[in-house]
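Read through the structure below, which is laid out as structure tokens, and then see the notes.
Below, each value reflects all heavy atoms present in this structure, side chains not excepted, and no hydrogens, waters or symmetry copies.
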Amino acid sequence: MMRYVMLSVLCLLSFFVQAQELKLWYDKPASEWTEALPLGNSRLGAMVYGGPAEEELQLNEETFWAGSPYRNDNPDALKALPQIRRQVFQGNYMAAQKLVGQNFETPRNGMPYQTIGSLKMNFSGHEQVTDYYRELDIAKAVATVRYRVGEVGYTREAFASLVDDVIVIRLASDKPGQISFDLSFDSPLKHEVSVRKGNLYLRVKGNDHEGVPGKLYAETLVKAVNEGGALSFDKQKMTVRQADVVTLYVSAATNFVNYKDISGNGYKKALACLNSACKKDYSRARMEHEEKFQQMFGRVDLHIDSEDYSNEPTDVRIKQFNVRNDAGLATLLFQYGRYLLISSSLPGGQPANLQGIWNKEVVAPWDGKYTVNINLQMNYWPAEVTNLSECHEPLFRMLEELSEAGKETARVMYGCNGWVLHHNTDLWRCTGMVDKAFWGMWPNGGAWLCQHLWQHFLFTGDKEFLKAYYPVMKGAADFFMDFLVTHPAYGWLVTCPSNSPEHGPEGDEKKNAPSTIAGCTMDNQIAFELLSNTLCAARLLNEKESYMLRLQHKIDSLAPMQIGRYNQLQEWLEDVDNPEDKHRHISHAYGLYPGNQISPFRNPLLFQAVRNTLLQRGDEATGWSIGWKINLWARLLDGNHAYKIIGNLLKGRTYPNLFDAHPPFQIDGNFGYTAGVAEMLVQSQDEAVHLLPALPDVWKSGQVKGLKARGGFVVNMRWQGGQLLDAEVYSGLGGNLRLRSYVPLKGEGLVEAKGTNSNAYYQPTNIKSPLISKNITPKYPLLYRVYEYDLETLPDKSYKIERAFL
């Protein structure tokens, strides 16, 4: 159903990039979780500490959550809705918010993602070591620990196999008979440890939570295959003595089948994976794992010239980033995001949650849920542009399930057709309001997530995919067409009640200010995009004309964006923005990124206004917000400012293992960074493929291979002196390729661009003209001159372009 660009298409000699060592490495073991190194195969996750005397692998399984199937719809919401709307329209926002709290809230605010516990290995006599070295090779997805005890050298390798669905650990030494250790399990949850069929066995019960009984069990097995020496067990421990080499296989599963069914047998599933994996020679198992990983990871290669600091430990490089040009660390962090996405989100699995799949807590930070007022979406921003389309699949499947669950919520709480999702969900696909009204009264989660369906289609051209997921888009649009209400003062269709995420005109929750309002700018942008994308899909799929006319009527009735008294993009219908407000959410910038409603060429006044908003909000924020700001400044075509934000991310918002620090750890900042670097190098949302749109001065020369653009294009290019040198573009679908560049170009078939791009995947977004405050003189942005060219392409063919000298 999905189209993927294979590496073989991209291996062009003229764009060969010398292989770099993409490794995180350290000269000491991890002393805390945010120093440990993550392994994952989407379903199983492990954090490897690398201790010589005590090794710990903290374990996760993607479906091990607290609770069991449940719902959190509040039937009181529907009858209270008219009164809430009246209070909002009368300006009584706190009164409206209190009514939301009384009628929309429930005791069930989502179930937490939970750890299985840890696998621990104790090595007696390894307390004093020399030549210690620990690494994670993200190009191979293998973690390695090396050290010496006296005259003996020890090596441990670990990987979460993408082929055999187990975690594999190999322990070896350079002298025979030196591998001796005790292996045990530990878990903070209720658990039992025993020996079954020659395996050490851990059974962990998921917790009850908020009145929902815990009915999931995580069942974990470890098998040891020793070469030489002796293997024995007692009731809760495995012992290996004087072996030459030991290979450990770790398998885990739960009884989860789907969000409505928990009738599975975790033990049988885990045992089957374990027994299958053990039949394979270790060298073959590792080779097959690396090959499958490389099939995805190797599609993109990035090299930016700078002094090489790879001989320094990664934690040292993080601390030094802002005092020198270490483009290698920027590249490593970019590829690390791709590594984490592959490792936490593969077809058939669950989407990456707030922690990806890596969590050591009984109750993860913010429960480790799927927060959908930006965070889950941010997890998938790199999927298409960095050539990992298949990593999007778990999110698409989740959307199908949410569209099923959300129909009942739409009917019971709003009396609407279609389906709805508020600002949070979990393994059990709850769709009612989560948390207090200040945060939770936000019925736009499903609408925003539907953007990912449309974007996948724009990148891949997969019409069968669009046909399969059109009902999900249509259901979200149907809800909005019923839910939108005419604002009595303005006459526009608006969402009511809602909020501009986690923010109110008077401040955030710390000021005890209300957030519940009508028709904030982000809501208008999301509604416009959802209805417009659904209309485009409906035309492609020959939907009924009457339905398309209804969509268009709703689009025409939405509020326009507005430029306020501080020359800013207004966050709300009223011009009440505070230019001193440094709130982490910049929700009204949605139309710039990840949306495509604000263009420097088609609506420059809005472009300048959103730039002013970003300047007013400032450059400091939580980790995920900094990740968003990188993308926003890239879309603002300001590479130097984007690079400044990168520096902020690596200054206090990045842990030693390169995990993003909210704090605490949230993986969305990692994914936001990776997407942001891609946006600095290639953009394709504004009618053209823009090459090097936001290159910072410090990245003077480099080369990249394999970044994707909408319309099925894949871009390889080189640059020198801060300017494009040459490029090669692969056309997967054919059609017109419009190129945009800051330097003139030449190439066979290249002609000066005229008129609207004929490529169907590049049709412009036609928004209403903004309303502008009468108290200001609107400003135009200062933009570099661009050169635009058209090139008619054929499917499955590559085209070379060079810089031209006028």
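- For Lys746, the NZ atom counts as loosely surrounded, since its 6.0 Å shell holds 12 or fewer non-hydrogen atoms of other residues, nucleotides or ligands.
- Taken to the nearest 0.5 Å, the CG atom of Asp619 stands 4.0 Å off from the NZ atom of Lys644.
- You'll find the ring centres of His585 and His503 outside the 6.0 Å limit.
- We find that Asp686 and Arg602 are joined by a salt bridge, their nearest charged nitrogen and carboxylate oxygen being less than 4.0 Å apart.
- Taking the ring centroids of Trp358 and Phe665, they lie at or beyond the 6.0 Å cut-off.
- A donor atom on one side chain and an acceptor atom on the other are not found under 3.5 Å apart for Asn670 and Asp660.
- Using a 4.5 Å cut-off on side-chain heavy atoms (C-beta onward), Met522 and Pro501 make contact.
- Within 6.0 Å of atom NZ in Lys779, 12 or fewer heavy atoms from other residues, nucleotides or ligands are found, so the atom counts as exposed in its surroundings.
- Between Tyr336 and Phe659, the ring planes are tilted. Angles from 30° to 60° get that label.
- Within 6.0 Å of atom CD in Gln720, 12 or fewer heavy atoms from other residues, nucleotides or ligands are found, so the atom counts as exposed in its surroundings.
- A salt bridge links Arg584 to Glu502: one of the charged nitrogens lies within less than 4.0 Å of a carboxylate oxygen.
- Using modelled atom types, one finds no donor on one side chain facing an acceptor on the other under 3.5 Å when comparing Glu384 with Gln455.
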